[in-house]
Amino acid sequence: LWESHPSPSRAGFLLYIPPNPVLWYFNPIPPFLWEIHSFSSLPPFREPKPSSPLSLLFSRLTENCHFFLVLMEFLLQVKNATNQIVMNCADIDIITASYAPEGDEEVHATGFNYQNEDEKVTLSFPSTLQKGTGTLKIDFVGELNDKMKGFYRSKYSTPSGDTRYAAVTQFEATDARRAFPCWDEPAIKATFDISLVVPKDRVALSNMNVVERRPYPDDESLVEVKFARSPVMSTYLVAFVVGEYDFVEARSQDGVLVRVYTPVGKAEQGKFALEVAAKTLPFYKDYFNVPYPLPKIDLIAIADFAAGAMENWGLVTYRETALLIDPKNSCSSSRQWVALVVGHELAHQWFGNLVTMEWWTHLWLNEGFASWIEYLCVDHCFPEYDIWTQFVSADYTRAQELDALDNSHPIEVSVGHPSEVDEIFDAISYSKGASVIRMLHDYIGDEDFRKGMNLYLTKFQQRNAATEDLWESLEKASGKPIAAVMNTWTKQMGFPLIYVEAEQQEDDKVLKLVQKKFCASGPYTGEDFPMWMVPISICTSEDPTCAKMQILMDKPELTVVLKDTKPEQWVKLNLGTVGFYRTQYSPAMLESLIPAIRDLSLPPVDRLGLQNDLFSLVSPATGEPAARWEHPALCHSPSPALGGARILLRTPKGCSISLDVGIPPQLHTNCCISKSVMGLFLLSSQVYVTVLKHGDSSTLDTMLKLHKQADMQEEKNRIERVLGAISQPELIQKVLTFALSEEVRPQDTVSVIGGVAGGSKQGRKAAWKFVRDNWEELYNRYQGGFLISRLIKLTVDGFANDKMAAEVKAFFESHPAPSAERTVQQCCENILLNAAWLRRDADSIQHFLQQRRAPPAPV
């Protein structure tokens, strides 16, 4: 049973359905009919292990832009006599329901009791339904919404400029119930036979391949498209799309048909993703030693899409920017992003779809694993990307920043109500999950890791599994204490700081290691003493790329001896920045590393990890003096972590600091915003930022015109993210108004507002006021999903004032956002940390940067 938690009320419902809804409803696009048949084992209550498959039927679903009408029929096994059937249901209004026991008369339901907060409906019958098999029929009406979840409409423009709508689905985590009443839980699986009756000029796609396409007998403008039966799968993986698309196709080495669907006229932009997908499928088949189980895989770009992508089995949906690459104009970072997202979603076809988490508590296993192996796959397909260095720069660093907060959470989070699921789609589930899987892979070794993965996937295929099941398989393959090690990383939040000092004893170095919990708020003062089992690799200057020793630190303090290590040799922990911990070296050990940083003999990923650790140690967490900024290991080359200093530079003390890129002054004037300048870089956001920063109203108008004219969504997004660099208050307001206009896709509004908040001090204040003033519209637009969390974080996380922390907290106490509650707490904590940092270090940082400011470029 669901726990009772507040959640947004169900949307409005219809009390009367006229005889001809096609004529009655507003219909800007041609109507189409759908018939969906599925075979299912769905008991009328939550049951982790359903019995053998039975049948389910959807019949004649009519799409009319705003509403859809469904006649649903499926076989049901009643396991215990009852006069009620309880199902998940949201934003749906049932017209009639009946149950016919096999060989007996039909019984009509006499009541439908909606529990809106729990997203359930109870069908009540006048007599007891006896144990056995029967047929349940439900007629209902639902909303084809514009909330980018459930069954929704996605607006797009044709090459001629006409506005059209596609009908698409997004069911993860718990939104299949918005398309049809069901038992919407990952452990309750079904097979699906799907047929769609659609206009003959539309593309119709679903999870499986088409087995028949024929004219629809009742209307010559329609065709019936029948798909093959799906494997057993969870409701959140069901998908169907109807719209206008072009495609490119290829076959993988294994004979799997791969298609990439693009907006009409943009098939060329699908070729890179096609190349990636065709390489990725054989890689995963070989890595897991398990074949891809479907005959085809479709990747499709959706215009309005909240997430980056969704791994629906056999029909993967993407934002356009996560799938489409313009061969002439897309930048290299966009190519890498598409490669990673394609690798991530195709990994789910095995890890998530073939074997599915038993419950949302184990979401991290799905997402953390895919977020790690996407990098492994891209590194295999495109070794020139040096992708693991980027992993440390992005996922690893982001996870440590979030997990150092007092308001972080363990990787494994107990989930009750559906509103809680969206909240754990965060950097802990994805990035920390990926980081600890990477550490585990390194600890086990690739050969045993692959053996363990094969054991896991073959044992649990078409079934559900928990985190412990994977640990058991990996433990069996490796002979190492996997569960004991990993429980310290998944069941408690945070990570350790390893302090290390060295003592020379003749030709050996003796290292003393001490672990303590690392906290952004300062030294850990809790009554308990959390401890991690930490796989530690140690390298020396003898070979910076190879571990001289590997140990498992399973106690608070540990002493190790490095044999044959001379006094002049440096020692470094965490080879490759693989271990999920921070390292604090003794002053002597740190000084010995400086030559390796300067002569670049220390590999980039190790220099990056060292810089990130040092940067964390000059934050308020340790009380280290700001003089640490002067340390060569920190300032020798830029680190992504140094971006945090921007907070201090956008304050009254630091407002005079400018970090312009070296663009000649003549390009700072709007007269130079021309095709020739913008043609420099469709791929350079810094050009846009610098021009906007020194621009006026005509500059902004020119940028908005470029946005309107841009044919690539990648370029539109690039412009949207930097518009907040404009400095005049009235123009900032214009940008914020633009964020909610029809010119910006709903999912991209967040980026525009976030760009304003990150553009300047006045922009941050204006963005926060704008969010407060438009909160109801923004909250309703995203229905409490993860985009609300992202909006909050982008808007307020950069404040550095105690008063602002109190203001943010008070606002969300009076305007609850249940799915973003933890995000609000984290933001308030970050604001207080920023304020403490500002009080301590603003003057010294300003002095440090002023001394190193580059001279103006010659005119």
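A donor-acceptor pair shorter than 3.5 Å cannot be found between the side chains of Ser751 and Asn717.
One N or O on the side chain of Gln349 and one on the backbone of Glu311 form a donor-acceptor pair closer than 3.5 Å. Asn454 places a side-chain N or O within 3.5 Å of a backbone atom of Asn289 that can act as its donor or acceptor partner. Remark: side-chain polar atoms of Arg259 are not paired, donor with acceptor, to backbone N or O of Ile297 under 3.5 angstrom. At least one donor-acceptor pair under 3.5 Å links the side chain of Lys147 to the backbone N or O of Asn780. Of the possible donor and acceptor atoms, one in the side chain of Thr749 sits under 3.5 Å from a partner among the backbone N and O of Ala739. With Asn145 contributing its side chain and Lys149 its backbone, the two residues share a donor-acceptor pair below 3.5 Å. With hydrogens and angles ignored, the 3.5 Å screen pairs a side-chain donor or acceptor of Thr169 with a backbone N or O of Phe240. A donor-acceptor contact shorter than 3.5 Å links the side chain of Thr262 to the backbone of Ala267. For Tyr782 (side chain) and Ser789 (main-chain N/O), no donor-acceptor pair under 3.5 Å exists by modelled atom type. A donor-acceptor contact shorter than 3.5 Å is absent between the side chain of Arg178 and the backbone of Phe151.
The pair Arg718-Glu714 meets the salt-bridge criterion, since a charged nitrogen lies less than 4.0 angstrom from a carboxylate oxygen. In summary, Glu320 and Arg745 engage in a salt bridge, as defined by a charged side-chain N under 4.0 Å from a carboxylate O. Residues Asp711 and Lys266 are paired through a salt bridge, judged by an N-O separation under 4.0 Å between the basic side chain and the carboxylate. No salt bridge links Asp426 with Lys432; every basic N to acidic carboxylate O contact stays at or beyond 4.0 Å.
Residues Val242 and Val198 approach most closely at CG2-CG1, 3.9 Å, considering heavy atoms. In terms of heavy-atom proximity, Lys708 sits nearest to Lys716 at O-NZ, 3.6 Å. When all heavy atoms are compared, the tightest approach of Val238 to Phe171 is O-CD1, 3.2 Å. Across all non-hydrogen atoms, the minimal contact from Arg398 to Ser431 is NH2-OG, 3.1 Å.
A search for side-chain contact (heavy atoms from CB on, under 4.5 Å) contacts involving Ala278 returns nothing, not counting sequence neighbours. Take Ser230 and apply the side chain to side chain donor-acceptor pair (under 3.5 Å) test, not counting sequence neighbours, and it matches no residue. Shown here are the ring pair (Phe, Tyr, Trp, His ring centres under 6.0 Å) partners of Phe738, two or more places apart in sequence or in another chain: His707.
Aromatic ring orientation, Phe425 versus Tyr430: tilted (interplanar angle from 30° to 60°).
Every pair passing salt bridge (Lys or Arg N to Asp or Glu O under 4.0 Å) that includes a residue from residues 292-310 is listed here, sequence neighbours excluded: Lys296-Asp298. Applying the ring-ring contact (aromatic ring centres under 6.0 Å, His included) test to pairs two or more places apart or on separate chains, those with a residue in residues 247-284 are Phe247-Tyr261, Phe272-Phe382, Phe283-Tyr287, Phe283-His380, Tyr284-Phe288, Tyr284-Trp350. Legend: ring-ring contact (aromatic ring centres under 6.0 Å, His included) pairs involving residues 293-319, not counting sequence neighbours: none detected.
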Q | Intermediate values then yes/no, side-chain contact (heavy atoms from CB on, under 4.5 Å), Asn329 and Glu715 | A | CA-CA 9 Å; Asn329 295 314; Glu715 179 63 9; over 6 Å; no

Q: Quick one: do Ile387 and Gln390 satisfy side-chain contact (heavy atoms from CB on, under 4.5 Å)? Show the steps, please.
A: CA-CA 5 Å; Ile387 205 70; Gln390 297 182 51; 4.1 Å; yes

Q. Checking side-chain contact (heavy atoms from CB on, under 4.5 Å) for the pair Met453/Leu470: CA distance, chi angles, key distance, verdict?
A. CA-CA 8 Å; Met453 290 305 308; Leu470 178 60; 3.8 Å; yes

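With contacts defined as side-chain heavy-atom distances shorter than 4.5 Å, the pair Leu294/Val256 does not qualify. Contact of the Arg781 side chain with the Leu740 side chain is registered, since non-hydrogen atoms from C-beta on lie closer than 4.5 Å. Using a 4.5 Å cut-off on side-chain heavy atoms (C-beta onward), Ile437 and Ile373 make no contact.
Annotation: Glu742, atom CD; neighbour count of heavy atoms from other residues, nucleotides and ligands within 6.0 Å does not exceed 12. Atom CD of Gln462 has more than 12 heavy atoms from other residues, nucleotides or ligands within 6.0 Å.
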